[in-house]
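In what follows, a structure is listed as C-alpha cells, so that the remarks can point back to it.
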Amino acid sequence: MASNKSQGAKSKNQPPKKKQRNDLFIDKKRPTKKDEVLDDVSDGHSEEEEEAGDLLDGDEQMSGFDDDDVSEISDEDDAPWADDFLQGSDDNEDSGSSSTSGSGSDSHSDETDIEEKSRAIDEQLAREEEDAQAEMELNIKEESDEFRLPTKEELEAEQQRPPDLANLQMRMKEIVRVLSNFKHMRQEGTTRKDYIDQLKIDLGSYYGYNEFLIRVLVDMFPVVELMELIEAFEKPRPTCIRTNTLRTHRRDLADVLSKRGVELDQLSKWSKVGLVVYNSHVPIGATPEYLAGFYYIQGASSFLPVMALAPREKERVVDMANNLCK
C-alpha cells in the first residue's frame, strides 16, 4: 500500500513526457519573419526617440551658450577647412609656378636660339658686305691704274715669240679706254698718235688685216665704233642665195629646196629675190637647182648695189669691186 502511494505521488508530481517535449519545442522554436519585422520596427522607433531626446538635450545645452561662444565654435570648426583651402591654393600656386618656370625656360631657350640665328645671319651679311667693298675697291684700283704703252725692247721681245692673243686683246681694250678719256687717263709724255699707232699694230696682229685696210678704217671711224665694226666682221654671216628670176620664181625655188632638206626663209621685205639659209642637209652649192642656174650664192649686202643701180634691158654693167679685206 505504501509503495502504491509513493508511486502515485511521483506520478502526480511529474508531468507527462509528451507535455515536457512540447515545452522544449516551444522554448527552442525560432522566431518567424513577422516577429523579426516587428522587432526591427520597434527598435527603429526606440532609436528615433533616443535621437530626438539627444537633440532636445543639445538644444538645451546650446541655449546656455552666448552668441560669442557660438561664433568661436563656428570659427574653430571652419578653421581646418580654411587651412585646407589655403594649403590647396598654395599647392596650386606651387604647381602653377613650376609649370610657369618650365614654360619660361622653354621660351628662354627658344629666344636664345633665335638670337643665335639672327647673330649668325648678321655676321654673314657683314662678311658679304666686306667682300663686296673689297672687290669694288680692287676694281677701282685696277681702273685707276695708269696704262703704259710697251717699250721698244718689249715690242722687239714680242716679235720674237708667237703672238699672245690674250695680251693683245687686253692691250687694245686699254688703248680704247684711254683714247675715250685721253685728257685724264693718258700716260705722261705720250701723245694720241702713239696710242693710235700701237692700236694699228695690235689690230693687224690680232685680226690679220693688212696695214692699208687698218689705216683706212682708223681714219674713217672713231676707235670705239671701229672696234664694234671689226668685231661684227668676225661674226659668221648667214648664207644667202639670190633667185635667178629668168629661170624660176622665189616661191617655187623655196618649195623645191625645202623638200631637199634645206631650212630657209625670205631674206627681208626689201628684197623680192633673196632667201636666207639657216641649215641644210645637202651642200647648198651642189644641188641640181644650183647647177642648173636657178639661184646664186650671194651676200645680202651685194643685193643693194643692183637695187640702187636698177639696170634696164640692153644696158651693160661692169662689176669693178675689189676685195679690200685681205
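This is a predicted model, so every value here is computed, not measured.
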Any side-chain heavy-atom pair from [X] and [Y] closer than 4.5 angstrom?
X: Gln160; Y: Glu156; answer: no
X: Arg192; Y: Leu179; answer: yes
X: Pro288; Y: Arg260; answer: yes
X: Cys240; Y: Val277; answer: no

*Do the charged groups of Arg127 and Asp131 touch, with an N to O distance under 4.0 Å?*
no
*Is the shortest distance from a Lys or Arg side-chain nitrogen in Arg171 or Glu174 to a carboxylate oxygen in the other one below 4.0 Å?*
no
*For the hydrophobic clusters of this structure (ILVMFWY residues joined by side-chain heavy atoms under 4.5 Å, transitively), does one cluster hold both Val218 and Val178?*
yes
*Hey, any chance Leu199 and Phe212 share a hydrophobic cluster, counting ILVMFWY side chains that come within less than 4.5 Å of each other, even indirectly?*
yes
*Looking at Tyr296, is Arg242 sitting on its ring face, NZ or CZ under 6.0 Å from the six-membered ring centre and within 45 degrees of the normal?*
no
*Side-chain donor-acceptor contact under 3.5 Å, Thr191 with Asp194*: yes
*How long is the span from the CG atom in Leu203 to the CD1 atom in Ile214, to the nearest 0.5 Å?*
4.5 Å
*In terms of ring plane angle, is the pair Tyr295 and Tyr290 parallel, tilted or perpendicular, where the classes change at 30° and 60°?*
tilted
*Run the numbers on Asp255 and Arg251 for side chain to side chain contact (heavy atoms under 4.5 Å, CB included), then give the verdict.*
CA-CA 6 Å; Asp255 293 338; Arg251 181 181 298 176; 4.1 Å; yes
